[in-house]
Structures are given as structure tokens and as C-alpha cells.
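The shown structure was predicted, so the numbers you read here are calculated from the model rather than taken from an experiment. In what follows, chains are A, B, ... by sequence order, proteins preceding strands, each numbered from 1.
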There are 2 protein chains.
Amino acid sequence: MTTTKSPDARVAAILDQLAARGMRRTSARQAILEALFAAESHVTAEDIAVEVHRRFPSVDVSTVYRTLDTLEQLGIIDHTHLAHGPAIFHLADDDHQHLVCERCGRVEEVAPEKLEPFLEALRAEFDFDVDRRHFALVGICAACRDR
Amino acid sequence: MTTTKSPDARVAAILDQLAARGMRRTSARQAILEALFAAESHVTAEDIAVEVHRRFPSVDVSTVYRTLDTLEQLGIIDHTHLAHGPAIFHLADDDHQHLVCERCGRVEEVAPEKLEPFLEALRAEFDFDVDRRHFALVGICAACRDR
DNA sequence: CTGCTTGCAAATAGTTTGCACGTTC
DNA sequence: GAACGTGCAAACTATTTGCAAGCAG
């Protein structure tokens, strides 16, 4: 399955996917994808731009944004808004809810299954589907509360 | 109690409160407060600026932001971030959670008591206190889901 | 007359866009 | 050589800030 392939193989596969849609294989796109696969988690567009710059100094942030946008349209990545500040990006198959502490900025990633009961209850009570992929839950973490 | 006083009386009381702290009573501050009390709910700084401009065309948005900031420091108002776009402001005693539909933009206000069970459960499970005043819950409303 | 306030302009952060040139197929 | 992609500069949205002039107490 897809998730067991090596990062390089996955990058190549995505580039193939773009080509199949009449899009081009470019070094910028390849470098951006590689940066995405190399990243731990919650990277900003700026982070990716910096990383890509190390190999291709001419690549502009606007290209990074445009590429991230393209990848998101294809369902390959997602972006999430934490509290304030820039959006973060990650591979779409790495699905989770973000709990952000507005005091210390720490971001905790929670598995979908662990959160589902709450979202389900909200759905039942308010007929409202929380979009856990696109927005974080913001609050105070235990460490900051007790300090 | 405070909430049963007329808007004008409450504006006067807040101006007194400022004066008691060595701050000045200015027409800009009065007009901004009046706009806040006149507003239905979820008004942006821009909304307030427009309203204030009708009577005092010279008042700058920066003054609106500075005044809102002052009022927030005094605990008189709060601001909340909906999905994208500008923050919204309202009187601090009008406490509620916002459910924002990211598709149609509709904002539903939910009484704290109705949401508390969920926040309580999240607290128990993740040791995390969601800040319901400062950030909305973003998702899809029933009408948009079924469309 | 002291110093809090304000208007104005400019800076900021994050992201988007117009356009002419470059590159890929 | 079309069509797609990119760099660059500029625009944009929401908000903040520096500074000198303006008022309130």
C-alpha cells in the first residue's frame, strides 16, 4: 500500500499523478514534495520554502504556496489553522486533530478515534460537523493551567 | 445589576471606570462603546469603525483597535476568531461558544451550559481546557451538509 | 501644562495575484 | 510551439506601531 513505500517512491508517484493530469514535473515541485515528506509535522509554507531554498535558492514562496495549493486540490496534503500565525501543512493520510495551547504554543496531535466520540456528540446535539482537519482546538494545556 | 441598566448608563459607567484609572473620557471612546452596545452581535473592528464614522468621520480604525484593546484589558469586551477573516467583538458578559459553518459562513451562538459537557469530557480525556471565548468551533452546518 | 490619546502614515504577517518570461511535453 | 509553471513585484487583509500634534484633567 501507499504508506509503506519509501518517501522517494511516493514523491515519484505523486509527480506521475500530476503528469497524468497534464501538469508538469518540475524541480520546484519535486523539492517541495521532498521537503513535505522529510518534515516531522506541522510545517509552515515558510518552513518548506526555507528547506527548498537550500537546494534551489531561486524558488519563490509564491511557488511554494501555489504548489501546496495544487497538492491540496489533489487531496495529497491538508492545511490546518492553529491559533494565530501561519497555517501548517501535512500529508493528507496523516489525519489527526490538533490541540493547541494558546499560552505555550505547544501542539498536541490527537488520533481521530480518540476524538470521534466528542465530535459525534456535538453532531447529535447541534447538528454540526466539526472540521477537525482544517482547524485546531485552541485552549490551555495542563502544564500551563497548573502554572 | 449591571446588565439591567440602559446602554447609555452602561457606557457612562465604563467611561467612569476608565477615568478612575487615570484614562481620558474621549468622544471616540464614547462613540465606540455606543456602537458596541448598539451592535447585535459578532461585529468586527471594521464594522465599529464604519458605525463610529457616521458621527465622527475623523476617527481612525487604529483608534478603534486601540480602544477595543483597552476595553478588553479591562474585561469589558472579548474578541473571538471565527474561521478566516477578521476577529469579532462583543461584551464580555455575553458569553457563548460560536459554531461557524465554513461553507456558508453562518455563525450559531451556543449557550455555555449546552456546550459544557463536551468541554468537560475533553478536559477529562486530554487534560486540555478549550478556550470557548477566544476561538470558534469550525465545521459544516446541517443545511450545508445536506445540500 | 502634563501626559494620555489620536490621526496619519508606514510597517507587519501571511498569503495571493498579475504579468512577462521560462520550461516541459 | 502551446500550455503550463515560475520569479518577481505588487496587492491584499487584518492589525499594529511610531511619531508628532491634540485634547482632557
Any donor-acceptor N/O pair, [X] side chain to [Y] backbone, under 3.5 Å:
{"X": "B:Thr63", "Y": "B:Val59", "result": "no"}
{"X": "A:His98", "Y": "A:Leu82", "result": "no"}
{"X": "A:Asp47", "Y": "A:Thr44", "result": "yes"}
{"X": "B:Arg132", "Y": "B:Pro112", "result": "no"}
{"X": "B:Glu72", "Y": "B:Phe89", "result": "no"}

Between B:Arg106 and B:Leu99, is any pair of side-chain heavy atoms under 4.5 Å apart?
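Heavy-atom side-chain distance check fails, nothing below 4.5 Å.
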Given side chains that start at C-beta, do those of A:Val138 and B:His134 come closer than 4.5 Å, heavy atoms only?
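A:Val138 vs B:His134: side chains apart.
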What is the first contacted nucleotide of DNA chain C and what is the last, in 5' to 3' order, if contact means an atom lying under 4.0 angstrom from a heavy atom of chain A?
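That gives a stretch of C:dG14 to C:dC25.
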In terms of the nearest nucleotide of DNA chain D, which residue is placed more toward the 5' end: A:Pro57 or B:Thr26?
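Its nucleotide being nearer the 5' end, the pick is A:Pro57.
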Position toward the 5' end of DNA chain D (nearest nucleotide), B:Pro86 or A:Asp60:
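Taking each residue's closest nucleotide, the earlier one in sequence belongs to A:Asp60.
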Counting only heavy atoms and a strict 4.0 angstrom limit, can you tell me which residues of residues 16-23 of chain B come near DNA chain C?
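Only B:Gly22, B:Met23 qualify.
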Check DNA chain C against residues 29-56 of chain B and give the residues with a non-hydrogen atom under 4.0 Å, in numerical order.
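Correct list: B:Arg29.
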5' to 3' on DNA chain D, which nucleotides open and close the contacts with chain B (atom under 4.0 Å from a heavy atom)?
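Nucleotide range in contact with chain B: D:dA14 to D:dG25.
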Quick one: do B:Leu137 and A:Val107 end up in the same hydrophobic cluster if we chain Ile, Leu, Val, Met, Phe, Trp and Tyr together by side-chain heavy atoms under 4.5 Å apart?
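Cluster IDs for B:Leu137 and A:Val107 differ.
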What do the steps show when you test B:Asp60 against B:Ser62 for side-chain hydrogen bond (donor to acceptor under 3.5 Å, both in side chains), and what is the final call?
CA-CA 5 Å; B:Asp60 195 75; B:Ser62 64; 2.7 Å; yes
Go through the structure and list residues passing salt bridge (Lys or Arg N to Asp or Glu O under 4.0 Å) with B:Arg133, not counting sequence neighbours.
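B:Asp78, B:Asp95.
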In this structure, is the centre-to-centre distance between the rings of A:Tyr65 and A:His79 below 6.0 Å?
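A:His79 vs A:Tyr65: aromatic centres not under 6.0 Å.
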Centres of the B:His81 and A:His81 rings: under 6.0 Å?
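No.
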Applying side-chain hydrogen bond (donor to acceptor under 3.5 Å, both in side chains), name anything that partners A:Arg123, two or more places apart in sequence or on another chain.
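By the side-chain hydrogen bond (donor to acceptor under 3.5 Å, both in side chains) rule, A:Arg123 matches A:Glu116, A:Glu120, A:Asp129.
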At under 4.0 Å between heavy atoms, what does A:Val61 touch on the DNA or RNA strands: base, sugar-phosphate, or nothing?
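Result for A:Val61 = nothing.
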Using a cut-off of 4.0 Å on non-hydrogen atoms, how would the nucleic acid contact of B:Arg25 be classed: base, sugar-phosphate, or nothing?
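Sugar-phosphate only.
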